[in-house]
Amino acid sequence: MKTLANSIPSQKELAMAILKFINDIKPYTTTMINEGVAGHFSLIDEQKNINYPDRKEYIFSHRMRLARYSLKKQEYIEEISKYTYQITEDGLQLLTDDFEDVKEEINELENVIDPFDIIRDKVEEIESDLICDLIEYLKQAQWRRLETIVIELLTAIGYGVMVKLLRRQMMVV
């Protein structure tokens with residue numbers, strides 16, 4: 001499985017393949033581009049459907065999204081409608097540049113950061129801050145308030161029977 005994942009083209013390779021695939025200045029949907037580029041590299045379904053180990057995202061789809069985003073950010077392609085792209089004059093020019101210029105431009109594309117990674121990092125940061133704030137709040141809560149919080153939490157997650165037993169037990173004490 002590892003070697004099959006390693007056979008998926010890099011973002012740089014995909015970016016050039018995207019430009020070559022859409023070089024006729026016609027509009028292409030992301031599905032058409034993905035299929036055309038996959039065909040260019042002779043990728044089999046197994047390769048296209050390999051997930052990252054730590055998330056549910058397909059490696060090929062993720063790299064294609066990064067490549068499209070980078071090309072769009074550098075104005076080599078434009079999104080003419082939702083999920084539909086077209087090569088620009090700059091993109092056509094890049095295809096005719098000499099090898100060294102193309103190599104340099106493509107290397108710069110990898111410096112563009114995926115907005116989904118930024119959002120994911122921010123969400124993780126907010127969740128972490130929220131957990132820390134909640135723990136601090138719970139540490140400082142009076143014992144009666146803490147009891148109420150525990151009962152509300154148990155009720156919210158579906159342990160209503162357990163809550164009734166706890167309430168009965170608290171009345172006895």
Query raised in the report: Does a sphere of radius 6.0 Å around CD in E136 hold more than 12 heavy atoms from other residues, nucleotides or ligands, not counting ones at 6.0 Å or beyond?
Result: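 Yes, enclosed.
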Can you hop from [X] to [Y] via hydrophobic side chains spaced under 4.5 Å?
{"X": "I157", "Y": "V150", "answer": "yes"}
{"X": "I87", "Y": "I80", "answer": "no"}
{"X": "I25", "Y": "I18", "answer": "yes"}
{"X": "I149", "Y": "L134", "answer": "yes"}
{"X": "L71", "Y": "L95", "answer": "yes"}

Query raised in the report: E79 pairs by side chain to side chain donor-acceptor pair (under 3.5 Å) with which of K72, R68, Q86?
Result: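 In the set K72, R68, Q86, the residue that makes a side chain to side chain donor-acceptor pair (under 3.5 Å) with E79 is K72.
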Query - Worked verdict on T30 versus Y85 for side chain to side chain contact (heavy atoms under 4.5 Å, CB included) - result: CA-CA 7 Å; T30 54; Y85 297 87; 3.4 Å; yes
Report task. For S128 and E124, indicate whether the former's side chain and the latter's backbone hold a donor-acceptor pair under 3.5 Å. Result -> no
Query raised in the report: Backbone N or O of Y76 within a donor-acceptor pair of the D90 side chain at under 3.5 Å?
Result: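 Judged by distance alone, no pair lies under 3.5 Å.
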Spacing of [atom1] belonging to [X] relative to [atom2] belonging to [Y], to within rounding of 0.5 Å:
{"X": "E46", "Y": "I50", "atom1": "CD", "atom2": "CD1", "result": "7.5 Å"}
{"X": "T31", "Y": "N34", "atom1": "OG1", "atom2": "CG", "result": "6.5 Å"}
{"X": "E104", "Y": "L94", "atom1": "CD", "atom2": "CG", "result": "11.0 Å"}
{"X": "I77", "Y": "T88", "atom1": "CD1", "atom2": "OG1", "result": "8.5 Å"}
{"X": "R65", "Y": "Q11", "atom1": "CZ", "atom2": "CD", "result": "10.5 Å"}
{"X": "E152", "Y": "T148", "atom1": "CD", "atom2": "OG1", "result": "6.5 Å"}

Quick one, [X] and [Y] - any side-chain contact, counting heavy atoms below 4.5 Å?
{"X": "S7", "Y": "Q47", "result": "yes"}
{"X": "R55", "Y": "N51", "result": "no"}
{"X": "Y58", "Y": "M64", "result": "no"}

Query raised in the report: Does Y52 have any ring-ring contact (aromatic ring centres under 6.0 Å, His included) partners at least two apart in sequence or in another chain, and if so, which?
Result: H62
Report task. Could you tell me which residues satisfy ring-ring contact (aromatic ring centres under 6.0 Å, His included) with Y28, sequence neighbours excluded, listed by chain and number? Result ->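 Per chain and number, Y28 pairs via ring-ring contact (aromatic ring centres under 6.0 Å, His included) with F21.
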Report task. Give the C-alpha distance, both sets of side-chain angles, the deciding distance and a yes or no for side chain to side chain contact (heavy atoms under 4.5 Å, CB included) between K48 and F41. Result -> CA-CA 11 Å; K48 293 188 285 185; F41 287 104; over 6 Å; no
